[in-house]
Amino acid sequence: MLDAIPANLSHPCSSRVQAMPDNQIVAVADLARHDASVVRLWIGEGDLPTPEYIKQAAMDALTDDDTRYSYSQGLPELRQALADYHRRHWQVDVSSDRFCVTVGGMNAVTMAMQAILDEGSEVIMPTPAWPNARQMIEIVGGVNVPVAFDFYPDGNIELDLDKLFARVTERTRAVFINSPSNPTGWRMPLEDMRRLRDFCREKGLWIVADEVYNHFVYDGEGPASSFLQVCEPDDKLLVTNTFSKNWCMTGWRAGWITFPGGMDQLFARLCQYNTTGVASFIQRACIVALEEGDEFIAQQVARCQASRDVLVDGLTALDNVTVFSPEGTFYLFFKVHGLDESSLETAKRILREAKVGVAPGSAFGPEGEDYLRICFAIDPELAKEALDRLTPFLTDLADASQDTTAYLEG
C-alpha cells in the first residue's frame with residue numbers, strides 16, 4: 001500500500017501534489033496483488049491478453065529498429081487509421097490532423113486540462129467520477145465542481161442537466177462528461193448531448209468528453225453515441241480515448257485526443273513537453289489494432305455482457321443490495337444497505353473474508369460512499385465464482401444489520 005505523503009516534508013514540494021489523496025482502489029489492490037486466490041474485480045482491466053496480431057506488429061517494428069524519436073503528434077499513418085476508425089464506427093469525418101497520440105487515456109485527459117485551464121478555472125463534473133480526472137483538474141490549478149447523479153431505488157441513474165447548468169459561474173471553463181460512465185455505467189442520451197452542446201455554445205464553454213467505453217454497450221445497442229456526432233469541427237470539444245480497454249492493451253500506454261481544427265500545433269507542443277511522444281513500435285501495434293481489431297472488440301463485448309448478466313441477476317436477488325444495471329462500460333455499481341463502516345473498510349473486509357477484490361465507492365468521491373464497484377471484464381465462469389463468494393458475505397451483512405435493528409428496537 002502507498003505510504004501517506006508526510007504533512008511536513010524535509011524538502012519543498014508542490015502544495016497541490018502534497019494535498020493529493022491516496023487512490024483508494026490502489027490501496028485495496030496493493031493488499032493482495034500477488035494473492036492468486038483472490039478474484040480480482042478492483043481494477044478497470046479485462047482479463048484477456050492482447051491479441052497476438054497486435055503483439056506481432058510491435059515485435060516486427062522492434063526487429064526493424066523502429067525505436068527512434070518520431071512525430072510528437074503521432075505517426076501520420078496512425079492518425080489516418082484513427083480517422084478511418086471513427087468514420088467506420090460513428091460515421092463522422094474527422095481530419096487526421098485533429099488527432100494527437102498520447103501515453104494512454106490519462107495523458108490525454110492531462111493534456112486536455114493543460115490546454116484549456118487557467119489558475120482557478122472551474123470544471124463541472126458529474127459524480128461519482130473517475131478519481132484520476134478529478135485530481136488532474138486540481139493538479140493543473142483548476143477547480144473541480146461536482147454535480148451528483150440522481151440514483152433511484154429502481155436502479156436507474158440520471159443526470160439532471162438543469163442542476164448542472166445551475167452550477168455554471170463566470171469562472172466555469174468546461175464540462176467534463178464521461179459517457180459511458182466509470183463507475184456508474186450511466187450513458188448520456190443523444191438528446192442530452194445536443195442540449196449540453198447548445199448550452200456550452202451559448203456560454204462559450206468547453207466540453208471534455210471521455211469516451212473510453214463507447215464500445216461497451218450491451219443488448220445490441222452499441223456503440224454509444226459520441227459528441228463528435230453532434231458537434232462541428234470548430235466547436236469547443238476535446239474527446240479523450242485509449243487503446244487500453246477495446247484491445248486489452250492497458251500496459252501498452254497508448255491513447256489519443258481529438259481536438260478542434262487548428263489546434264494541431266498546440267497539442268504537438270503539449271505532447272513534446274509532456275512525453276516527447278509515444279514509442280513508435282507501440283504506435284505500429286496501435287495501427288494494427290485499429291485496422292484488424294473490430295472482431296476482437298465484438299467478442300469482448302459479448303463476453304462482458306454474459307458476465308454482467310451473471311452478476312446483475314445474482315446481486316439483484318439480495319435484499320440488502322440495490323444494483324444499478326450498467327447501460328455501458330464493464331463496471332457494476334451497487335449500493336449495500338445497512339453498512340456500519342465505510343465502503344473502503346467494507347472492500348478490505350470483502351478482500352480478507354471473501355477473497356474478492358472490489359473497489360470502494362468512496363474512491364469516486366463522497367457521493368460514492370455506501371457503494372461498491374466491480375469490473376466484469378472477466379470470464380463468465382469467474383463471474384459466477386465471484387458471485388458465489390460475495391453472496392454469503394453480503395447476506396451476512398444483511399443479517400447482522402437486522403439483528404442490530406431488532407436489538408435497538410427491543
Side-chain angles (χ1 to χ4, degrees), residues 44-46 48 50-51 54 78-94 96 98-99 102 104-105 108-109 126 130 157 159 176-197 207-231 233 235 237-250 254-259 286-309 325-332 375-377:
E45 182 174 53
L48 291 174
T50 306
I54 297 175
L78 176 51
R79 288 185 275 126
Q80 184 57 53
L82 284 166
D84 296 340
Y85 166 80
H86 284 79
R87 184 179 303 109
R88 187 165 68 248
H89 289 286
W90 289 277
Q91 295 76 53
V92 294
D93 287 316
V94 183
S96 63
R98 290 179 57 199
F99 296 102
T102 63
V109 172
W130 183 38
I157 302 173
L159 175 63
F176 182 94
I177 297 291
N178 172 213
S179 172
S181 160
N182 172 18
T184 64
W186 165 84
R187 187 171 85 237
M188 192 173 212
L190 187 61
E191 57 270 25
D192 282 1
M193 287 184 168
R194 294 191 179 103
R195 188 179 172 206
L196 179 62
R197 174 205 62 193
I207 297 173
V208 181
D210 183 4
E211 299 185 349
V212 165
Y213 300 99
N214 264 4
H215 281 294
F216 291 91
V217 176
Y218 305 103
D219 304 312
E221 295 184 5
S225 298
S226 168
F227 273 98
L228 291 168
Q229 293 172 292
V230 301
C231 290
D235 274 322
L237 171 69
L238 300 173
V239 182
T240 61
N241 218 314
T242 183
F243 288 88
S244 293
K245 315 299 182 178
N246 294 339
W247 301 280
C248 293
M249 296 174 67
T250 50
W256 70 92
I257 185 168
T258 312
F259 44 80
C286 291
I287 294 171
V288 173
L290 291 166
E291 294 179 343
E292 301 181 22
D294 286 358
E295 183 179 352
F296 178 78
I297 293 173
Q299 293 171 350
Q300 192 182 185
V301 170
R303 188 172 181 262
C304 285
Q305 177 166 333
S307 296
R308 179 201 69 164
D309 293 346
S325 185
E327 297 177 321
T329 73
F330 43 55
Y331 303 113
L332 184 60
C375 173
F376 56 82

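Quantities reported herein were computed from a predicted structural model and do not represent experimental measurements. Numbers here simply count residues along the sequence, with the first being 1.
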Work out which heavy atom in [X] is nearest to a heavy atom in [Y]; give both atom names and the distance.
| X | Y | value |
| --- | --- | --- |
| N182 | T329 | N-CG2, 4.2 Å |
| W186 | N178 | CZ3-O, 3.8 Å |
| M249 | A289 | SD-CB, 4.2 Å |
| D294 | L290 | OD1-O, 4.2 Å |
| F227 | E211 | N-OE2, 2.8 Å |

Any donor-acceptor pair under 3.5 Å linking the side chain of [X] with the backbone of [Y]?
| X | Y | result |
| --- | --- | --- |
| Q229 | S226 | yes |
| E221 | E327 | no |
| T102 | G104 | yes |
| T50 | C248 | yes |
| Q305 | D219 | yes |

Can you check whether [X] reaches [Y] side chain to side chain, under 4.5 Å on heavy atoms?
| X | Y | answer |
| --- | --- | --- |
| I54 | F243 | no |
| N241 | T258 | no |
| V217 | P223 | no |
| P180 | Y331 | no |

From [atom1] ([X]) to [atom2] ([Y]), nearest 0.5 Å:
| X | Y | atom1 | atom2 | value |
| --- | --- | --- | --- | --- |
| F296 | W247 | CZ | CH2 | 10.5 Å |
| S325 | D309 | OG | CG | 7.5 Å |
| R98 | L238 | CZ | CG | 10.0 Å |
| L78 | I287 | CG | CD1 | 5.0 Å |

Determine, for D84 against R87, whether the closest basic-nitrogen to carboxylate-oxygen distance falls under 4.0 angstrom.
yes
Check the angle between the aromatic planes of [X] and [Y] and answer parallel, tilted or perpendicular using the 30° and 60° thresholds.
| X | Y | value |
| --- | --- | --- |
| H89 | H215 | perpendicular |
| H86 | W90 | tilted |
| Y85 | W256 | perpendicular |

Between L190 and the options R187, M188, M193, the side-chain contact (heavy atoms from CB on, under 4.5 Å) test singles out M193
